[in-house]
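Everything below concerns the one structure shown next.
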4 protein chains.
Amino acid sequence: MTDPKAPDSKTPDSTRRSDRSRRAIYDAALALVGELGYPRTTIEGIAARAGVGKQTIYRWWPSKAAVLLEAFMDLAEQAAAGEAEIPDTGDLEADLKLVLRATVDEMNSPGYDAPARALAAEGVVDPVLGAQFVEKLLEPQLQLYVKRLRSAQDADDVRPDIDLRIALELFVGPLTHRWLLRTLPLTHGYADALVDYALYGLTARR
Amino acid sequence: MTDPKAPDSKTPDSTRRSDRSRRAIYDAALALVGELGYPRTTIEGIAARAGVGKQTIYRWWPSKAAVLLEAFMDLAEQAAAGEAEIPDTGDLEADLKLVLRATVDEMNSPGYDAPARALAAEGVVDPVLGAQFVEKLLEPQLQLYVKRLRSAQDADDVRPDIDLRIALELFVGPLTHRWLLRTLPLTHGYADALVDYALYGLTARR
Amino acid sequence: MTDPKAPDSKTPDSTRRSDRSRRAIYDAALALVGELGYPRTTIEGIAARAGVGKQTIYRWWPSKAAVLLEAFMDLAEQAAAGEAEIPDTGDLEADLKLVLRATVDEMNSPGYDAPARALAAEGVVDPVLGAQFVEKLLEPQLQLYVKRLRSAQDADDVRPDIDLRIALELFVGPLTHRWLLRTLPLTHGYADALVDYALYGLTARR
Amino acid sequence: MTDPKAPDSKTPDSTRRSDRSRRAIYDAALALVGELGYPRTTIEGIAARAGVGKQTIYRWWPSKAAVLLEAFMDLAEQAAAGEAEIPDTGDLEADLKLVLRATVDEMNSPGYDAPARALAAEGVVDPVLGAQFVEKLLEPQLQLYVKRLRSAQDADDVRPDIDLRIALELFVGPLTHRWLLRTLPLTHGYADALVDYALYGLTARR
DNA sequence: TAGTAACCGAGACGGTACGTCCCGTCTTCTG
DNA sequence: CAGAAGACGGGACGTACCGTCTCGGTTACTA
């Protein structure tokens, strides 16, 4: 019944959006989360730091977490570029160790750690944000593992009855566990051990 | 030269603490987190629900999260009692599946999920609280796995070169991953698969 | 080198001030002081009664007393209008008795007594507020006496060597004394006696 | 009907009262009012400074103001001793100027000003305390004026129709007015002028 | 080329919760 | 049993942000 041309009175016109402000907000958000931590980062603070009115934030994002999510995605996009693949040298063990070591390094780097941790924590508690976090950031990463493992399965390096979506969690799950909960240090050795244990099993071969 | 026995002038005298208030605060905190979720639970709200002055909370706990942590520990203590063991029937696979299925059930039960999730999220972002969470709640659980795995190692069911502290994370890590990040449903089947994959490895036997 | 026009970064922009809120705060403050007395009137209470955020009060006034002072000044302004003069019929004694009796009536009226007493008491203890109270409310009143007395001096009804600023205190001082300290009742007879004694002296004429 | 020997359960046994504590409380109260001002002086602060439990204060006094009133009376008692008289040299004018100048000096001395001002302010707002203040501290002083003026009246230095209770307020009222409201400086010259004006009147003698 | 509609920086507003300070009461232990 | 000590339920403080709401000002499409 509503005139389809009439835009929803609450939807702003994104063609007129200020790109300069958007980027300034991303920068301010990431900087503040890095400096103050997520809980002490406020929307007012982001606006002030970005030299932007509060309304400009509220116009385009529903929450502080959403701002950070986008800012982080923007960051990831730039960093990603062409490397969005797990190498496939034919040696599954080596390829996995390589990528897991890289992940460990990323998790240990402050520029990544602070915002990613904040987002993950928020997603843990807020299902809507959590779903976005998974869909936009996590799942694409996980699909890379599926792809590489499928290749290994095709090459008969992984048993054919293995559910690859579960298999990848043997690598990613423990890593994330140590990262988020800080139980023990995240090292290359740990990454290697994970690959070994998961690929070859814990049991004595009989 | 300060009398080492002299307590910090700002430390309250715990021998005079009101037990009635402490319990009322635990109850109120858990109830409110269950009803409203963690972020909408406030210290003021807990105090009001518990029929307690705010200062009584601030006197004994440094933060909302700390209250919840203690409340949750108190809850766990009551629930724990004698069952704090992983069964050891000699069949490692079966024992692990049993305990992992139980863990899955726990994670799927709302009474546990809400406060545990809130605590975990808070711990992700606040290192001090995180350390307490791990030390008081998580690590004791993990040590049960170490114990059971050591028994298996002694029985030659697990290879002798395996680091058990890492091994356990092959089970617990993926479970926690799905629970916290809600990537996919947490089922008994998933728990079983985890045990199978971790024990016997992903690779084709050669 | 700082731009002298640049307002203090913490000074709010008074052109954007809400007049509706200001008046509501005046009304609430006066009403509450009347109903509960000054010490039991709280800023929180004023805000609630006025349907206003607390910050709106703190933004514009430094203290509860300052709110009441302004509210009272606003009240006085409305009440004042054209009557801000001591009559000058040529009969000093009669004119002074008239105005002093009016003052007595005012001091005995509850609507004036409660807030004025509260302000005076606060001014007694807080020099800054006291100075404002005197400057904004009291001194203008006192100057009316100076004016009337000067007219009398010109007419040779008052000795030329009399310091009029001191003279007026012979009338106003005792009145205020009885009002504030409640030593004895404030009556028209008292006002008349004050005028008689001050004008003609206590001594036996020789 | 109540056993007349049984003391009211709320009335403490004053024979067992600690004099040491009482004096310490007086000292602490006066010191704190001098240092912090009355509003920032708290019962907890007095107790801490006096090395006394809060209950010891609440047992013996109904309010902060009551403590200060007693402390001030105690102070006045010590200071008073034998000088509790207005001199009567036969020269009323000289005698009044002497005592008024002394009063001015007292009002200008910080040790007297702070607590007296605080008490007066509290009395302005709290009728019960005000009544005590007047009865215990002010009225005895005022009666000294009545006595001296009666002597003057007997000596025919003051007209016989003068109401002395009113007359004294011509001196005390303006002094108190300047002291409490800080309109203008309190000087010996002011005291002298007051005596002159009040005794001989403002009008031109005809 | 003027008009006008939207975004923009700015920040006042009604609110909620914060963490702190005291209040006056109650309880425990000491001299 | 008075007194020192201080925990308690409670209430207000003054502050920090929330999300909404004007307010000029500056673009950037429309008439």
Side-chain angles (χ1 to χ4, degrees), chain A residues 7 12-18 20-21 24 39-48 50-60 62-64, chain B residues 11-18 20-21 24 39-48 50-60 62-64, chain C residues 9 11-18 20-21 24 39-48 50-60 62-64, chain D residues 12-18 20-22 24 39-45 47-48 50-60 62-64:
Chain A
D13 177 352
S14 54
T15 67
R16 304 194 48 181
R17 184 169 182 182
S18 160
R20 164 194 248 284
S21 296
R40 293 174 50 207
T41 298
T42 65
I43 291 197
E44 288 200 347
I46 295 171
V52 139
K54 278 201 290 178
Q55 198 56 43
T56 301
I57 297 184
Y58 284 108
R59 184 152 31 229
W60 301 110
S63 69
K64 175 173 71 161
Chain B
T11 302
D13 177 350
S14 52
T15 66
R16 299 187 48 187
R17 185 167 182 183
S18 158
R20 161 193 252 283
S21 295
R40 293 174 49 208
T41 297
T42 65
I43 291 198
E44 223 152 47
I46 295 172
V52 140
K54 276 204 285 179
Q55 199 56 47
T56 299
I57 296 184
Y58 284 109
R59 185 155 27 231
W60 301 110
S63 69
K64 175 172 72 162
Chain C
S9 64
T11 302
D13 177 350
S14 53
T15 67
R16 299 187 49 188
R17 184 168 183 183
S18 159
R20 161 193 253 283
S21 296
R40 294 174 49 207
T41 296
T42 66
I43 291 197
E44 222 153 48
I46 295 171
V52 140
K54 276 203 285 180
Q55 199 56 48
T56 300
I57 297 185
Y58 285 109
R59 182 152 33 229
W60 302 109
S63 67
K64 175 172 72 162
Chain D
D13 177 353
S14 53
T15 65
R16 303 197 47 181
R17 185 169 184 182
S18 158
R20 164 195 247 285
S21 296
R22 208 187 75 245
R40 294 174 51 207
T41 297
T42 64
I43 291 197
E44 289 200 347
V52 140
K54 278 202 289 178
Q55 199 55 44
T56 302
I57 297 184
Y58 284 109
R59 185 156 24 235
W60 301 110
S63 70
K64 174 172 73 160

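Each chain gets a letter, A, B and so on, in the order its sequence line appears, and its residues count up from 1.
- Using a 4.0 Å heavy-atom cutoff across all strands shown, A/Gly51 reaches sugar-phosphate atoms only and no base atom.
- D/Ile57 is not listed as a side-chain neighbour of D/Lys54, based on a closest heavy-atom distance of 4.5 Å or more.
- Atom CZ in A/Arg40 sits about 17 Å away from atom P in E/dC18, given to the nearest Å.
- Taking atom CD1 of residue A/Ile57 and atom C1' of nucleotide F/dC17, one finds them 13 Å apart after rounding to whole Å.
- Within 6.0 Å of atom CZ in A/Arg20, 12 or fewer heavy atoms from other residues, nucleotides or ligands are found, so the atom counts as exposed in its surroundings.
- Straight-line distance from the CG atom of A/Asp13 to the C1' atom of E/dC7: 9 Å, rounded to whole Å.
- One can place CD of D/Glu44 at 14 Å from P of F/dC8, the figure rounded to the nearest angstrom.
- When distances run from any side-chain atom of D/Lys54 to the nucleotides F/dA7, E/dC7, F/dG3, the shortest one goes to F/dA7.
- For the pair D/Arg20 CZ and F/dA4 C1', the interatomic distance rounds to 12 Å; values are reported in whole Å.
- For B/Trp60, a side-chain nitrogen or oxygen approaches OP1 or OP2 of F/dC8 to under 4.0 Å.
- Partner B/Glu44 forms a side chain to side chain contact (heavy atoms under 4.5 Å, CB included) with one of B/Thr42, B/Ile46, B/Thr41 and no other, that one being B/Thr42.
- The separation between D/Arg22 atom CZ and F/dA4 atom P is 13 Å, rounded to whole Å.
- In this structure, B/Ile46 places its CD1 atom 11 Å from P of E/dG19, rounding to the nearest Å.
- No cation-pi contact links D/Arg22 to D/Trp60, judged by a cut-off of 6.0 Å to the six-membered ring centre and 45° from its axis.
- Closest-nucleotide positions on DNA chain E for A/Val52 and B/Arg16 were compared, and the one nearer the 5' end corresponds to A/Val52.
- Residue D/Arg59 has its side chain nearest to F/dG3 when only F/dC13, F/dG3, F/dG6 are considered.
- The two residues D/Thr56 and D/Ser21 make their nearest non-hydrogen contact at CG2-CB, 4.4 Å.
- Relative to the side chain of B/Gln55, the nucleotides E/dA12, E/dC21, F/dA12 differ in distance, and E/dC21 lies closest.
- Contact annotation: A/Ser18 does not reach the phosphate of E/dC7 (side-chain N/O to OP1 or OP2, under 4.0 Å).
- In this model, the phosphate group of F/dA12 is not approached by any side-chain N or O of C/Thr42 to a distance below 4.0 Å at OP1 or OP2.
- Taking 4.0 angstrom as the limit, D/Ser21 places a side-chain polar atom (N or O) nearer than this to OP1 or OP2 of F/dA4.
- Listed candidates were F/dA4, F/dG19, F/dA7. Nearest to the side chain of D/Thr56 is F/dA4.
- The OH-C1' distance, from D/Tyr58 to F/dG3, rounds to 16 Å in whole Å.
- Comparing F/dG3, E/dC26, F/dC18 by their nearest atom to the side chain of D/Arg17 picks out F/dG3.
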